[in-house]
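Before any comments, here is the structure.
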Amino acid sequence: MDKHYDPQTIENKWYQWWEQNGHFHDEPANGGEPYSVVIPPPNVTGILHMGHALNNTIQDVLVRWRRMQGRNTVWMPGTDHAGIATQNVVEKALRKEGMHRRDIGREKFLERVWEWRKEYGGTIVRQLRKLGASCDWSRERFTMDEGLSESVSEVFCRLYDEGLIYRGNYIVNWCPRCHTALSDEESEHQETAGHLWHIRYPVTGGGELVLATTRPETMLGDTAVAVNPADERYQSLIGKTVMLPLMNRDIPVVADDYVDREFGTGVVKITPAHDPNDFWVGQRHNLPVMDVMNGDGTMNELAGKYVGLDRFECRKQVVEDLVSAGFMVKIEPHQHAVGHCYRCDTVVEPRLSKQWFVRMKPLAAPAIEAVRSGKVCFTPQRWEKTYFEWMENIRDWCISRQIWWGHRIPVYTCNACAREWAAKTNPEKCPSCGKTDFVQDEDVLDTWFSSWLWPFSTFGWPKENPDLRFYYPTHDLATAPEIIFFWVARMIMAGCKFMDDVPFRNVYIHGTVRDDKGRKMSKSLGNSIDPLDIIAKYSADSLRFSLMLITSTGMDVYVNMEKFEIGRNFATKVWNAARFMKMHMEKLEGVDWHALANDTPELDAALLRDDDRHLLARCDAVIKTVTEHLEKFRLQDGALAIYDFIWTDFCDWHLEYAKQDLYGTDEARRRQMLALMTGVFAKALKLLHPYMPFLTEELWHQMGYGTSDETIMRVLWPQPFSTTEAATWGLSPEVTAYVDAKRELVTAGRALRSDYNIAPSLFVKYVIQSVDVAAAERLQADLETLKQQLRSEEIVIVTGTNCSDKQAMPGTLCKLGTVCLPLEGLVDVKTEAARVKAELDKTIGFLKSVEAKLSNAGFVDKAPAAVVAQQREKQQELTATIERLQTLYSTFRAG
RNA sequence: GGGCGUUUAGCUCAGUUGGUUAGAGCGCGUGCCUCACAUGCACGAGGUCACUGGUUCGAGUCCAGUAACGCCCA
């Protein structure tokens with residue numbers, strides 16, 4: 001094996017091999033229990049960022065783990081056509097050529113988008129491969145491909161025919177830059193520093209009203225002012241008219257409950273065409289609607305002399321004119337939330353327009369029930385609350401977009417008889433009059449109108465087929481919190497509506513990846529870390545493992561480049577442990593490592609020693625721990641458990657311990673030791689595989705655990721020993737406790753060396769005063785181990801407190817006995833006395849707290865018997881310890 | 001305005017049903033290139049668990065309130 005692990009070539013090699021050999025693929029005919037996951041389809045314009053890295057690592061860990069459990073596993077990959085985003089990208093390219101999409105027309109434009117997709121659309125999909133994602137690429141889908149488009153029209157037509165899709169004139173969020181309507185979710189509210197302009201409106205027949213607004217330019221479209229009907233201040237004005245400044249129009253004063261008496265002056269201007277609340281006030285009072293803007297955010301003819309001005313330029317002008325005409329009362333700074341386009345960050349304009357909507361209330365009801373009844377579970381559970389909150393107050397979904405890239409709305413209108421209908425395929429004639437003169441709606445559907453079908457459209461719906469039957473409903477969905485409304489909730493609704501079943505059982509909502517200052521990573525801030533840079537510097541395994549190790553379930557994660565060293569260091573550790581074993585394996589002949597790694601260990605129970613049993617027991621425990629954590633989406637705890645097991649148990653303790661055998665001359669022992677380590681290391685590699693797929697696959701082959709055509713991806717997830725097996729190998733809590741105690745003693749002995757500045761290269765003598773004869777015998781049997789671990793030339797074990805060596809020695813109390821370092825003449829008696837005294841004081845303090853509890857009647861009466869017993873035991877233990885410490889202390893005082 | 005989250009070692013965070021005197025990694029200090037690994041080994045220092053009050057025999061953990069920071073929705 002190479003001295004240094006070279007992840008770059010190895011990772012590419014294995015990924016290709018896995019993919020080419022179909023290891024990511026499964027199908028219903030293979031039978032078994034299904035496990036399916038659909039990827040949150042990244043935008044086809046996307047490039048891999050840390051959020052993707054986290055999201056997909058989580059999925060891959062789950063998917064690889066379930067696959068190893070023998071589940072019939074499919075991870076469905078694909079990309080989203082991302083209507084507005086993709087159209088923006090291609091429009092930008094066109095602009096560079098000095099053209100606008102209208103210059104080339106719809107058809108040519110769409111050709112350009114498809115070309116773009118062909119050339120650049122595969123970027124993120126290639127990058128997911130670098131990450132190691134075990135997606136079934138043979139199933140890869142795209143929201144605009146034929147099958148998915150069919151699902152979209154099917155769903156649209158069904159909803160249309162049921163009356164759940166309607167067209168209406170409402171205030172929508174309009175992006176003047178993208179030139180399209182947006183859904184409420186696509187308009188992101190941002191706190192913005194603005195102003196509150198107080199404007200005077202003269203009352204016809206004398207007097208005036210002062211009102212406050214944050215968007216003065218919209219006054220050009222005012223058709224009323226409103227006050228609260230219960231507001232005494234303005235009672236006399238209701239029904240009168242006021243003169244709209246600058247426009248010299250008379251508009252009525254209406255009374256409406258919507259008006260907040262506390263806000264500003266308690267009077268608001270009503271602009272039905274440019275504010276959703278005003279729109280509803282307008283409806284209630286039959287007010288005219290005056291749209292004063294164009295789709296691009298400039299003012300139209302209805303804005304009078306302001307025609308042609310951009311909305312913000314117009315705002316300036318209007319304010320100036322109000323000031324010079326004496327209508328401006330005051331201007332205050334004002335902080336308020338302003339909607340921004342989620343694609344281009346332009347300030348969204350609420351604007352009246354004719355759009356298509358989905359009636360959501362009837363769809364929401366079963367979806368709410370699905371979560372309430374536990375058919376869909378959120379992890380962490382608190383997100384259910386967010387889900388319910390939104391679902392119970394759901395508003396109709398604006399699904400039409402005034403762009404070209406997307407699924408065109410399949411609604412047709414007959415020019416001859418005005419019949420409007422929806423059709424899944426291009427119609428030949430009008431279903432009413434039979435004429436062929438009809439037109440299709442110009443708009444396309446919101447991108448999410450295809451994504452909400454993703455869990456079943458990707459499996460071939462609406463066609464009835466084995467994949468759909470077998471893999472639907474899927475099992476786990478991993479995604480970010482900001483996607484709950486956009487996607488998760490809508491998928492649940494679509495699943496309930498069209499499949500009569502939920503789309504997935506578990507939703508794991510993970511956190512956001514932030515920089516180390518807690519800021520969201522973004523291009524504009526320039527604080528992003530490119531996952532590919534991490535892969536290039538440290539490897540995909542390091543990226544994956546580090547991310548999993550530092551990300552607590554559902555919590556945000558703060559990253560910087562250095563944090564990924566932990567994964568790199570761990571990979572190196574594992575590699576070196578393997579290299580060490582391999583070195584010794586090569587000295588033996590005729591050993592079937594493959595069998596040892598895959599079957600029940602062939603060990604000679606008689607040759608097993610307590611340290612070996614300890615390793616087996618710890619390995620068994622870690623199998624249980626990791627499995628349990630994965631079941632609960634506690635991927636961090638799973639990673640930590642393996643990390644700790646491999647690093648501390650396997651390498652620091654057992655591998656060092658094994659050296660006495662491996663460098664020894666007894667071949668039976670060498671065989672036994674390597675057989676034992678092979679069994680354990682193979683299990684550890686399996687447990688690690690979901691987190692570090694590449695390294696574990698490489699070692700699986702290098703170590704000869706798998707034949708050249710076997711992959712660790714498909715070996716079975718390790719199982720803990722049965723009770724019989726555990727008994728055969730002599731595993732017991734007692735044995736584990738003994739080895740733990742022995743390690744405590746070794747650590748104490750090393751600390752003594754360290755305290756006395758004894759160079760690690762020096763071999764020294766130790767004296768161990770064991771607590772009893774049994775401990776003495778056991779330690780005696782382990783003498784060689786102890787000598788090695790303590791780097792000692794001689795260890796004298798004596799029983800009881802009577803040390804044969806009359807001299808005072810530095811010593812530390814342990815469960816098995818007192819470990820002492822005889823240092824003739826070198827002992828600083830005073831220092832040692834102080835050291836023991838400190839230990840003694842600490843122990844007495846501890847005992848006092850235990851005794852305080854035990855003398856508390858309430859505790860003894862009410863605490864569970866086991867807890868009380870535990871404290872009693874502690875009390876005895878501490879008392880004994882104190883006694884021994886006092887003896888030790890007196891030695892130094894006497895000396 | 002409504003909701004949610006966070007606050008534990010210098011830093012980043014674990015701590016699952018309340019029960020030993022609270023753990024990890026990084027960083028820091030000391031000593032080591034000891035025959036897998038200096039991307040390492042050994043040893044060590046470091047915390048009145050944000051604050052106030054309550055429940056309890058017992059609170060980092062449960063309840064109420066306060067403060068700071070962050071997120072979501074209106």
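Naming: A, B, ... by sequence-line order, numbering from 1 per chain. If you're wondering where the values come from, they're calculated on a predicted model, not measured in any experiment.
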So if I take every side-chain heavy atom of A:E656 and compare against B:G44, B:G5, B:C37, which nucleotide ends up nearest?
B:C37
Contact nearer the 5' end of RNA chain B, comparing A:A759 with A:T386:
A:A759
Categorize A:D861 for me: base, sugar-phosphate, or nothing, with a 4.0 angstrom heavy-atom threshold over every strand shown.
nothing
Using a heavy-atom cut-off of under 4.0 Å over every strand shown, decide if A:F485 touches base, sugar-phosphate, or nothing.
sugar-phosphate
With a 4.0 Å cut-off on heavy atoms, is A:D755 in touch with a base, just the backbone sugar-phosphate, or nothing at all?
nothing
Given 3.5 Å as the limit, does a donor-acceptor pair link the side chain of A:R579 with the main chain of A:W575, or not?
no
Select one nucleotide: of B:U21, B:G40, B:C57, the one nearest the side-chain heavy atoms of A:F859.
B:C57
For a quick check of understanding: with a heavy-atom distance under 4.0 Å over all strands, which category does A:R753 fall into, base, sugar-phosphate or nothing?
nothing
Compare side-chain N and O positions of A:N576 against OP1 and OP2 of B:G40 and report whether any pair is under 4.0 Å apart.
no
Could you check whether A:I758 gets within reach of a base, just the sugar-phosphate, or nothing at all, counting any heavy atom under 4.0 Å?
nothing
Examine B:A74: is either OP1 or OP2 under 4.0 Å from a nitrogen or oxygen in the side chain of A:R395? Give yes or no.
yes
Are any of A:K874's side-chain N or O atoms less than 4.0 Å away from OP1 or OP2 of B:U20?
no
When all nucleic acid strands are considered with a 4.0 Å heavy-atom cut-off, which category describes A:K842: base, sugar-phosphate, or nothing?
base
When we call it a touch if two heavy atoms are under 4.0 Å apart, what does A:E482 touch: a base, just sugar-phosphate, or nothing?
nothing
Would you call the rings of A:W280 and A:Y170 parallel, tilted or perpendicular, where under 30° means parallel and over 60° means perpendicular?
tilted
Applying a 4.0 Å non-hydrogen cut-off, can you work out what A:K659 is touching in the nucleic acid: base, sugar-phosphate, or nothing?
base
Kindly say whether the aromatic ring centers of A:Y538 and A:F564 come within a distance under 6.0 Å.
no
Proximity to the side chain of A:Q636 - top-ranked nucleotide from B:U39, B:A14, B:U21
B:A14
Between B:A42, B:C37, B:U34, which one does the side chain of A:R791 approach most closely?
B:U34
A:Q788 side chain to A:E656 backbone, donor-acceptor under 3.5 Å
yes
B:G31 phosphate, OP1 or OP2: any side-chain N/O from A:S754 under 4.0 angstrom?
no
Touch check for A:T747, heavy atoms < 4.0 angstrom, all strands: base, sugar-phosphate only, or nothing?
sugar-phosphate
Indicate, with a heavy-atom threshold strictly under 4.0 Å, whether A:P864 touches base, sugar-phosphate, or nothing.
base
Name the residue closer to the 5' end of RNA chain B, choosing between A:K3 and A:W653 according to the nucleotide with the nearest heavy atom.
A:K3
Taking N and O atoms by type only, does the side chain of A:K573 place a donor or acceptor under 3.5 Å from a partner on the base of B:C37?
yes
Hey, does A:R568 reach any base, or is it just sugar-phosphate, or nothing, if we go heavy atoms under 4.0 Å?
base
Contact class for A:A577 vs. all strands (heavy atom < 4.0 Å): base, sugar-phosphate, or nothing?
base
